[in-house]
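Residue numbering restarts at 1 for every chain, and letters A, B, ... go by the order of the sequence lines. Please read all numbers here as calculations on a predicted model, not as lab measurements.
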2 protein chains.
Amino acid sequence: MSKQVTIKQIAQYAGVSEATVSRVLNQPELVSKQTIQKVKDGMDELQYRPSALAQSMRNHTTKTIGVVISNVLNPFFTTLVRGIEDAATKRGYSVIVCNTDENPDKEQRYINMLVDHQADGIILASTGNHANYHSMVNDMPLVFIDRMPQGKDANLYDTVLVDNEKGSFNAADALIKQGATRVNAIVSPVATTGTERLNGFRKALTAHDFPIREQDIALDDYLGQHTAELALNLIQTNQCDALFCGNNVILMNVLKVLKEWQIGDMKLAVFDDQPWFDFVQYPIISVDQPAYLIGTKAFITLMDRLANPDRPVTHDIVRTKLVIR
Amino acid sequence: MSKQVTIKQIAQYAGVSEATVSRVLNQPELVSKQTIQKVKDGMDELQYRPSALAQSMRNHTTKTIGVVISNVLNPFFTTLVRGIEDAATKRGYSVIVCNTDENPDKEQRYINMLVDHQADGIILASTGNHANYHSMVNDMPLVFIDRMPQGKDANLYDTVLVDNEKGSFNAADALIKQGATRVNAIVSPVATTGTERLNGFRKALTAHDFPIREQDIALDDYLGQHTAELALNLIQTNQCDALFCGNNVILMNVLKVLKEWQIGDMKLAVFDDQPWFDFVQYPIISVDQPAYLIGTKAFITLMDRLANPDRPVTHDIVRTKLVIR
DNA sequence: CTTGTATATGAAATCGATTTCATAAAGGCG
DNA sequence: CGCCTTTATGAAATCGATTTCATATACAAG
C-alpha cells in the first residue's frame, strides 16, 4: 500500500510548516506568492489530496448527509433519492442512502449510524414509530419527507410533503366521472400517508353521494405479501368495477391478479405515477408526485437549516398532478 | 448545539483514563469487572456513542464503500445498488452512491471524492474512458461490475459481469424462432456492454442464415435523446418485424414510438428484465440479469479483496435467464 | 521476605488536518 | 534613525478516538 500523502510531506517538500500548507489551501491571501508556488508544486509533484476525514475531524462538518427511506427499489424513492443526490453533489455533499423496509428498528439503527458518522443532517421518510427524534439525533438537523413526523417532537422539524388527501380525492373523483359504479380501495397503512390517502378517497365517494362501505376498503401490509389476495377478494366479493391503489407497489400486485384471472374490465387509479403506466392495457389514472423535486427541495431545506439553525420551521407541500389515460 | 459526548467525559465520569474506556469497548478482557461496570454506567448515563470519524482516523478504515454507477433511476442499477447495500449493511458498512450519467468527468470527480473520504473500496460500473485506474485510486480496492474495465490496468481488478453475448444471442434467437423475418437492433454503445450485446445479436442472425445489414443496427446515445427517432427510422425504412433493444431504457423509448404511431405488430426483445414487462400488450422477450445478485457478489468480492489484498484477481460471470412471454 | 509473574491501569504518541498565538522581517512615517 | 504597522511564517493545541509502553499492585513460588 503506497501510503497516503499528507500535509506534512508537502510541508517538507516545500520547506515550510504544515500551517503554511494548510493556508495555501484555505486562506491563500495570507501567503506570499513564491511560497504558494512552492507548495503547489509540491502538491502536484506528490499528488496531494487532503484527507476529508482529518478535515471533518477538525471542522466538525463531514459534508455528508443521510437519506433514510423505506426502499430504493420503489421508483418513487429512487427518483427522490436522485433529486437529493444531484442537489447534494452540486454543493459538494455526499449522500448515504439507507433502506428501512418500513422496519422501525432498522430506521433506528440507521439513524444511530448516521449520528455516529456525524452526518451534517438527515432527510427522513420515517416509519413514524419513534416518539422522540430529538433525543435520537441530538440536535442534528432533520428534514421529513413523504410522511409527516409523529410524536411529541413532530413540530420541531421541517417537512416537504405532498397533499395526499387532495391527490387521492382527484383520483377517486376521476374514476367516478369515468363511470365507475362501485369503487374499492387498497392502501398501505404506512405512517401518515395511508390514512390521508384514504381520507381523500372517502371524501370523493361522499362528494358523489356514494356510500362508504368498510368492506370496500382493504389495508395492505407494506411488504405486499397479501396484496394479491386482498385484491382478488375485493374484486370477487364486491364486484367492484374500479380500484384505487394507494401506491405503485400495490398497483403492480393488482395488475398481476388481473392478468392471472384474465379480468379485462377494471378501472384503475393509483397514487404515484410511473412512465410504464402508458403501456399497460388498462387506462391507468395516476397521481403524479414530483419525486425529484421533493428531493431537491428537501436538500435545500436542509441546507437552509444548517445555515440558519434558528430560523422558523418550514412546511412545504408540493403539488401533485392528476394523469388521466 | 448540545455538544457531543466524548471518551474524555466518560473517563472523567468513571474516574478512569481514556485508555481504559477505549479498552472497555475494544478489549474488555483487559479490564476488571468493576471498572467495566463503572464505565458502562457512564456510557449509559451520558448516552455515549464513539465518533466513527475519530475511529476512522486512527484505524485507517472508514467502513464505507463507494458505488459508482451511471444512474440509479435505471432499475437495473437500482436493484444492483440494493443488493450491495443489503450486503454492506450486514457487515457494518455504509454505502455512498454516485451517478455518473455516463460522463467520464463526473466519474473521475466521484472517484476522487471517494479517495478523499478514504472509502475502503469502490464498486464501479465505469464509463470505460479512464486509462489508468490505479493512479486514480492509489491502491484502493476496486471491483468492476456490469462493464469490463479497459485500459492498461484492466487486468489488475476483480470483476463481476454477465455474459452479454450469450444473453443477446438467446434473445435474438428467440425472436427468430418466434417467426421474425427481419430483426433490427438498437443498442447503446456504452463501455463494453454495447459491443458484446451486438456481437451476440449478430451471431444469432448468422446462426439462422440471416444476412447482417448494417442499416438494421442503430447506435443509441446513452441519454436516449434520439432513440425514438432511430427506432422510427428502423421501423419505417426497414419494415422490420422484430426489434432487439440493448437495455430497458431503449425499450421504454421504443414502446413510446410504437404507441404514438399505433404500431400494433412488433416482436420485441430487450436486454434486462423488469416486472412491468408482464403487463405490456406486446409479449416482450427479455434477458433477465440477476442485478441484486451482482450487487451482493460485488460486495463480497470487495470484502475478500480487503481481507486478502494479494490474492489473485477473480472474474465472476453470472448467468442470465431468457424470459419468453 | 524476596523475587517473579500476572493483572489493571494511565501517560503520551498518533492519525492528518486547522487555527490561534507569537514572532520575525519588512515597510511606512515623522 | 527609531517606532509602529503590515506581512509572512511557524510552534503548538486541538478534534476524538486507539495503542504502545511503562508502572503499580497483587499474588504465587522459592
Side-chain angles (χ1 to χ4, degrees), chain A residues 1-40 42-43 46-64 92 113 115-120 138, chain B residues 1-40 42-43 46-64 92 113 115-120 138:
Chain A
M1 187 115 74
S2 73
K3 18 187 151 23
Q4 114 134 346
V5 179
T6 71
I7 202 170
K8 195 171 186 173
Q9 299 170 49
I10 305 300
Q12 228 139 37
Y13 181 102
V16 298
S17 73
E18 303 172 34
T20 300
V21 177
S22 174
R23 277 190 283 253
V24 169
L25 290 167
N26 301 301
Q27 314 155 82
E29 66 278 8
L30 296 184
V31 186
S32 74
K33 297 269 171 280
Q34 322 107 56
T35 309
I36 291 187
Q37 198 48 55
K38 274 190 299 179
V39 170
K40 287 201 163 159
M43 291 179 168
L46 304 182
Q47 301 212 53
Y48 172 71
R49 315 212 95 236
S51 157
L53 226 51
Q55 292 179 319
S56 295
M57 187 84 180
R58 254 307 295 225
N59 298 340
H60 296 285
T61 165
T62 52
K63 291 281 188 174
T64 299
M113 182 272 279
V115 170
D116 294 349
H117 276 71
Q118 261 127 279
D120 291 348
N138 191 42
Chain B
M1 188 113 75
S2 73
K3 14 186 157 14
Q4 113 136 344
V5 180
T6 71
I7 202 170
K8 195 171 187 172
Q9 300 170 48
I10 305 300
Q12 227 140 39
Y13 181 101
V16 297
S17 73
E18 304 172 34
T20 300
V21 178
S22 175
R23 276 186 210 111
V24 169
L25 290 167
N26 302 302
Q27 313 157 80
E29 65 278 7
L30 297 183
V31 187
S32 74
K33 296 270 171 280
Q34 322 109 57
T35 308
I36 291 186
Q37 198 48 57
K38 275 190 300 179
V39 169
K40 286 202 163 156
M43 291 179 169
L46 304 182
Q47 301 210 52
Y48 172 70
R49 316 212 96 236
S51 158
L53 226 50
Q55 291 179 319
S56 296
M57 188 84 180
R58 253 309 292 226
N59 298 340
H60 297 286
T61 165
T62 51
K63 291 280 189 176
T64 299
M113 182 272 279
V115 170
D116 294 348
H117 281 250
Q118 262 127 278
D120 290 349
N138 192 43

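One interatomic measurement links the two molecules: CD of B:Gln34 to P of C:dT7, which rounds to 15 Å at whole-angstrom precision. Atom P of nucleotide D:dC21 and atom CG of B:Leu30 are separated by 15 Å, given to the nearest angstrom. Note: CD (A:Gln27) to P (C:dA17) measures 16 Å, nearest angstrom. Atom-to-atom, NZ of B:Lys63 to P of D:dA17 comes out at 18 Å; the value is rounded to the nearest Å. Separating the CD1 atom of B:Ile10 from the C1' atom of D:dA17 is a distance of 13 Å, rounded to the nearest angstrom. The NE2 atom of B:His117 sits 15 Å away from the C1' atom of C:dG16 (whole-angstrom rounding). Going from atom CG of B:Asn59 over to atom C1' of D:dA17 covers 8 Å, rounded to whole Å. With rounding to whole Å, A:Glu29 atom CD is found 13 Å from D:dA8 atom C1'.
Contacts between residues 11-24 of chain B and DNA chain D, defined by a heavy-atom separation below 4.0 Å, involve B:Ala19, B:Ser22, B:Arg23, listed by number.
Put simply, CG on B:Leu53 and NE2 on A:His60 are 9.5 Å apart, with the number rounded to the nearest 0.5 Å. Atoms OG and CE, on B:Ser51 and B:Met57 in that order, are 10.5 Å from each other to the nearest 0.5 Å. Here the straight-line distance linking atom CE of B:Met43 with atom NZ of B:Lys40 works out to 8.5 Å at 0.5 Å rounding. The line from CD of B:Gln4 to CG of B:Leu46 is 12.5 Å long, rounded to the nearest 0.5 Å. Atoms CD1 and CD, on B:Ile36 and B:Glu29 in that order, are 8.5 Å from each other to the nearest 0.5 Å.
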Would B:Arg49 and A:Asn138 satisfy side-chain contact (heavy atoms from CB on, under 4.5 Å), going step by step from the backbone distance to the final call? CA-CA 11 Å; B:Arg49 316 212 96 236; A:Asn138 191 42; over 6 Å; no
Chi angles and distances behind the side-chain contact (heavy atoms from CB on, under 4.5 Å) call for B:Val39, B:Arg23: CA-CA 10 Å; B:Val39 169; B:Arg23 276 186 210 111; over 6 Å; no
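Within the helix from C:dC1-D:dG30 to C:dG30-D:dC1, the inter-axis angle between the opening and closing five-pair segments is 60°, rounded to 10°.
Backbone-only contact: B:Thr35 has heavy atoms under 4.0 Å from sugar-phosphate atoms and none from a base.
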Atom pairs, N/O to N/O, protein against nucleotides 13-15 of chain D, distance under 3.5 Å?
from	atom 1	to	atom 2	distance (Å)
D:dT14	O2	A:Arg58	NH1	2.5

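Between the side chain of A:Ser56 and the main chain of A:Ala52, a donor-acceptor pair closer than 3.5 Å is present.
OP1 and OP2 of C:dG16 both lie 4.0 Å or more from every side-chain N or O belonging to A:Gln55.
A pairwise comparison of heavy atoms in B:Asp120 and B:Lys63 identifies OD2-N, 2.9 Å as the closest pair.
For the pair B:Val16 and B:Lys38, the minimum side-chain heavy-atom distance is below 4.5 Å.
With B:Gln27 as reference, B:Leu30 is the one residue of B:Leu30, B:Leu25, B:Val31, B:Val24 to meet the side chain to side chain contact (heavy atoms under 4.5 Å, CB included) rule.
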